[in-house]
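Note: hydrogens, waters and symmetry copies are ignored here, and every other heavy atom, side chains too, is used. All chains are named by letter (A, B, ...) in the order of the sequence lines, taking the proteins before the strands, and each is independently numbered beginning at 1.
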Amino acid sequence: MCVRVSLSQCSPGAMFSRRWRFGWDSYSEVDLFTTRYDTSTETLSQAIQAAASEGPDADGSVLFGHLRGTVVGLKYYTGVVNQGEMVGLVRQPQNPYDRNAVMVANIYGNQVGHIKRELAAAMAHVMDNNLAKVEGVVHSRTTNSFTMPVMLSFWGKEENKSAVTEFMARRGYKLNTGFKVVITFFHIYSSFVQLKNAFDNLFEGLMESKDGEKEAAEAVGTPLLPHQKQALSWMCARENKSSLPPFWEKRGELYYNSLTCFSAKEVPERVCGGILADDMGLGKTLTTIALILTNFHKGRPLPVEKCVRFSVGECYISSVHATTPACVHPCLLSTCRRRSLLKSKPKLNHRWPPNLKVTLVTKSLSKTEKDDILCVCVCVLCEGVESAMAETADDLSARATLIISPLSVLSNWLDQFEQHVRPDVKLNVYLYYGSDRNRSKKFLSTQDVVITTYNVLSADFGVSVDSPLHGISWLRVVLDEGHIIRNPNAQMSKAVLDLKAQRRWILSGTPIQNSIKDMWMLLAFLRLKPFDVREWWNRVIQRPVTQGDRTGLQNLQTLVKCITLRRTKSSEVNGRPLVSLPEKTVCVEQVELSRSEREEYELARTEGRNTIRRYVAEGTILRNYADVLAILMRLRQHCCHPDLLSKTSSDLGASATPAELRERLIEKLRSVLASGSDEECSVCLDSVRLPVITHCAHVYCRPCITEVISTEQETAKCPLCRNEIKTSELVEFPQELMEEESSTNSENWRTSSKVQSLMGNLLRLRCDDGSIKSLVVSQFTRFLTILETPLREHGFRFVRLDGTMNQKRRTRVIEEFQSSAADSPTVMLLSLKAGGVGLNLTAASHVFLMDPAWNPATEEQCIDRCHRLGQMRKVVVTKFIVKDSVEEKMVAIQRKKQDLVEKAFGSTNSDRKTSRIDDIKALMEL
DNA sequence: ACCGCCGGGTGCC
DNA sequence: ACCGCCGGGTGCC
């Protein structure tokens, strides 16, 4: 090697004034790069990926400005760029010629060139210190083939803006600023609210031109409904057709991506699979089972062993002809041996050879012979597996489908396979779960289906280098409830992304739960190029959408449309509803309080109203929100049963010690949550998960409020009352108390008007038709406990399902309830929040909603557990509402709230705040 | 690269 | 001639 340096190497600061130079006489850059970089396993795309995920999130970033830069060294690299194409900028601190080097790469991670030295030096400082994220777009090409201009944009946190701008200016690079973009919490928040609504529409109307139907393979025992045949047809097409992924088009010889302006000679890798986002109850599981059996390689059905029982006395195996007599199914062999039919001695093999033929001869048989011949003969449904082998590049030896599901629905998968696969078909389904699971890769990869849970998968992934599931080339990976993997940093998500598969599917009723970020994980799993790389996703979709860009949203919509099939129960196909469910009637039964109940209620109401009046007058209603909720809660509890009221909680007023404050906050939290009410988190607008209470007594999801705090840092304020909040001051409900809550005293039990109304209904029903089953639903688990006494007294057989039960018990309870046995329970006491999605309670045809919920959707969800596919009877829903009470007003607000959600486009946080105050006023008749 | 830069050849017009 | 000018060789970081 001959390196000639005209000037001695110097400090980075002096580098600009002096020049240095290398000779290339006997040394090519290829050698240099292979020795330098090939020792590292990191690929360029991984480097880009890593760079993008380390940097600040696109959400909170502001644009510092633009700068026109130069990409040099084009002729040394193969990466090509088109006009308007986005490029990635990656720091190369290990570059032997310049540790400030900034590499330029195209969407596919192919190197295009480098940023010119001086500019790179300035950028390196900014990039290395995480002051800004720099993005590049190549707007125009110059005619020469050595350099090209690149438009650089600098993005980062507001507080770094001036530092970056000044630094660049000192180096002689002026950042051109367009209009000033200021993003505050409320900014993000209101655009988030808008998005949430836009998302609701995102998955709507995805039915167009997906209306072909496909019959399932013979092995599927359950006839598919028309919409399921459509889904099957669509899924098969997504797996088999080689249509271009969204935004790709053929332009002459090249394939062109209209979003990133990238083009390539090769066909872009197609996405085999997609998102099946049908509403729950439309049969995603059955459709998936049908897909597994129907669409093996080359669109042929999965070759499965099918046991054929010949009708007695008619058929008789006379001889076995096999082109390869080496293998005979052991089951058949036993018969052959007995009858001495085999000429040669075959080896045993469980897999039936494709061209083995069995000749059957009819013969009259004696009784014993008939019994003998009732042996099982095994046939093959699909022939020609081997011949298909050589034809395509795909690995046709991949056989198994891996299904990953939450633990709670694991048993459902097994049941559904049992139920929908014809009993005479032998499908190898292996449950990869439990400590004694078979970890043999050979064993697993020869199964037809392997089912496991997200937890098992990620546990395996974390523990050992050669996780069995990660070592297998799957034919197909299916993520059930795929929205579970929405956090890309979670171990679970990484484990899922690392799976090797030809085809990938996501099943989910709610593909986007919180934000557009959720979507990235799904696309990354599906390997939808180029969006599986975070930078391109951020730049092309996420940032434009979060900043309210219409085209960004349109692009996202197009993207989603291409890979998603979503139908709701109300969707129509050719003017007819997708599924015809039995009629559902909802009636409200007014309950009159007894005199003593009314007296107690009015007492509590007057007291509460005075308190709230005071808050309204002081303008402190939101500051005392928890207290207000507690008052409302007490009233709601009065409506159900007097014993629901917890011991009067002390007033928050003056809190002497921190321990005392904590005690009182927990008490507040208890009154909000413990009884099972459905409180809404004001950040995500959903029911609270992992509830925490702030020192200003507002309840949020822990992740939501933590994010708010980390975004706003020291200046973090409570989104509801703008008091200062700190992560360290968030209080959780202690687990020990959780358990205490459930204990109740069953001696001196008393009834209530609502209990009477329910019992009257149940007794009447039992009289009319003893086989009718009912769900009795309440938000208050303690109310369910109270209801147990009269049910027992009247000799009802009942079960109970609430959030405290573990999975095993839940499954058993549901099984018991769903059973049609004569002595099976006819009533299920159900806590409104228990189970959430996926429960199948079709045995019930009557639903009694004991108390109104804040969120009408929760009620609907609950009703849907029995008003769904498989329901044979008309469904009757009875809502008990106490006359002249807070419950009546809640119903009115429910309706208003639903309107609000529907029209909420543009509703801001402050709108919501005032609407909350209005709600409270209305509830208390102020 | 239809540039910039380097360094050797050259030297009135 | 310790300059200027010309024209060939050359070229990312």
Side-chain angles (χ1 to χ4, degrees), chain A residues 1-40 42-48 50-52 67-83 85-129 132-152 154 167-168 171-173 535:
Chain A
M1 151 169 159
C2 164
V3 177
R4 191 155 37 99
V5 182
S6 61
L7 280 167
S8 61
Q9 267 182 303
C10 47
S11 69
M15 214 175 278
F16 303 100
S17 49
R18 300 187 207 168
R19 305 236 149 241
W20 53 347
R21 195 173 170 214
F22 297 92
W24 293 87
D25 323 62
S26 61
Y27 194 72
S28 87
E29 80 287 359
V30 177
D31 297 323
L32 199 79
F33 274 72
T34 42
T35 49
R36 275 283 174 171
Y37 293 113
D38 276 13
T39 46
S40 149
E42 199 185 50
T43 66
L44 205 48
S45 341
Q46 280 169 332
I48 298 174
L67 179 66
R68 200 182 142 95
T70 313
V71 186
V72 294
L74 301 187
K75 73 164 172 176
Y76 299 97
Y77 307 101
T78 50
V80 287
V81 187
N82 300 288
Q83 210 164 85
E85 185 175 329
M86 297 183 168
V87 289
L89 302 164
V90 184
R91 278 280 292 115
Q92 257 183 357
Q94 302 301 319
N95 189 300
Y97 301 99
D98 182 2
R99 54 189 160 119
N100 291 325
V102 176
M103 187 208 68
V104 180
N106 68 17
I107 305 271
Y108 272 12
N110 299 322
Q111 182 162 5
V112 175
H114 279 104
I115 292 293
K116 222 167 145 50
R117 193 180 207 95
E118 298 85 346
L119 178 54
M123 280 168 63
H125 174 259
V126 169
M127 290 168 87
D128 293 349
N129 293 300
K133 164 109 189 58
V134 190
E135 297 178 355
V137 178
V138 175
H139 286 298
S140 59
R141 284 208 73 121
T142 43
T143 44
N144 79 58
S145 52
F146 303 93
T147 66
M148 64 185 175
V150 59
M151 191 49 84
L152 303 170
F154 289 65
F167 176 82
M168 293 304 290
R171 301 265 173 141
Y173 299 104
E535 166 154 7

Are the side chain of A:Arg99 and the backbone of A:Gln94 linked by a donor-acceptor contact shorter than 3.5 Å?
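Side chain of A:Arg99 to backbone of A:Gln94: no pair is present.
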Value in whole Å for how far the [atom2] atom of [N] lies from [atom1] of [X]:
X: A:Tyr76; N: C:dC13; atom1: OH; atom2: C1'; value: 10 Å
X: A:Lys116; N: B:dA1; atom1: NZ; atom2: P; value: 16 Å
X: A:Arg117; N: C:dC12; atom1: CZ; atom2: P; value: 10 Å
X: A:Tyr97; N: C:dG11; atom1: OH; atom2: P; value: 13 Å
X: A:Leu89; N: C:dC13; atom1: CG; atom2: C1'; value: 14 Å
X: A:Asn95; N: C:dC12; atom1: CG; atom2: C1'; value: 9 Å
X: A:Leu74; N: B:dA1; atom1: CG; atom2: C1'; value: 12 Å
X: A:Glu118; N: B:dG4; atom1: CD; atom2: C1'; value: 13 Å

Distance between the C1' atoms of C:dC13 and C:dG8, in whole angstroms?
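The same atom, C1', in both gives a distance of 26 Å.
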Rounded to whole angstrom, note down the C1' distance from B:dA1 over to B:dC6.
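The answer is 15 Å between these two C1' atoms.
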Which heavy atom in A:Tyr77 sits nearest to a heavy atom in A:Gly113, and how many Å separate them?
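Closest pair (atom of A:Tyr77, atom of A:Gly113, distance): CD1-CA, 3.7 Å.
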Which way is the base of C:dA1 turned, syn or anti, if we draw the line at 90° from 0?
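Syn conformation for C:dA1.
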A:Lys75 near the nucleic acid: base, sugar-phosphate alone, or nothing, with a heavy-atom cut-off under 4.0 Å?
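Since no nucleic acid heavy atom lies under 4.0 Å of A:Lys75, the category is nothing.
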Per the side chain to side chain contact (heavy atoms under 4.5 Å, CB included) rule, which among A:Leu152, A:Val150, A:Val72, A:Val102 passes with A:Leu119?
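Of the listed residues A:Leu152, A:Val150, A:Val72, A:Val102, the side chain to side chain contact (heavy atoms under 4.5 Å, CB included) partner of A:Leu119 is A:Leu152.
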Side-chain heavy atoms of A:Val71 within contact of A:Thr147, under 4.5 Å:
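No, every pair of side-chain atoms sits at 4.5 Å or beyond.
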Sequence neighbours left out, what passes ring pair (Phe, Tyr, Trp, His ring centres under 6.0 Å) with A:Tyr173? Give chain and number order.
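Testing A:Tyr173 for ring pair (Phe, Tyr, Trp, His ring centres under 6.0 Å), a comparison that skips the adjacent residues, returns none.
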Looking at B:dG11, which nucleotide sits across from it as a Watson-Crick or G-U wobble partner, both distances under 3.5 angstrom, or is there none?
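Its partner is C:dC3 (Watson-Crick or G-U wobble, both distances under 3.5 Å).
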Spell out yes or no: do the side chain of A:Asp98 and the base of C:dC13 have one donor N/O and one acceptor N/O closer than 3.5 Å?
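It does not, because no donor-acceptor pair links the side chain of A:Asp98 to the base of C:dC13 below 3.5 Å.
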Is A:Tyr77 side chain donor-acceptor paired with the C:dC12 base, going by distance under 3.5 Å alone?
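Flag set: donor-acceptor pair detected.
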Please determine, for the side chain of A:Phe146, which listed nucleotide (B:dA1, C:dG11, C:dC13) has the closest atom?
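Ranking B:dA1, C:dG11, C:dC13 by closest atom to the A:Phe146 side chain puts B:dA1 first.
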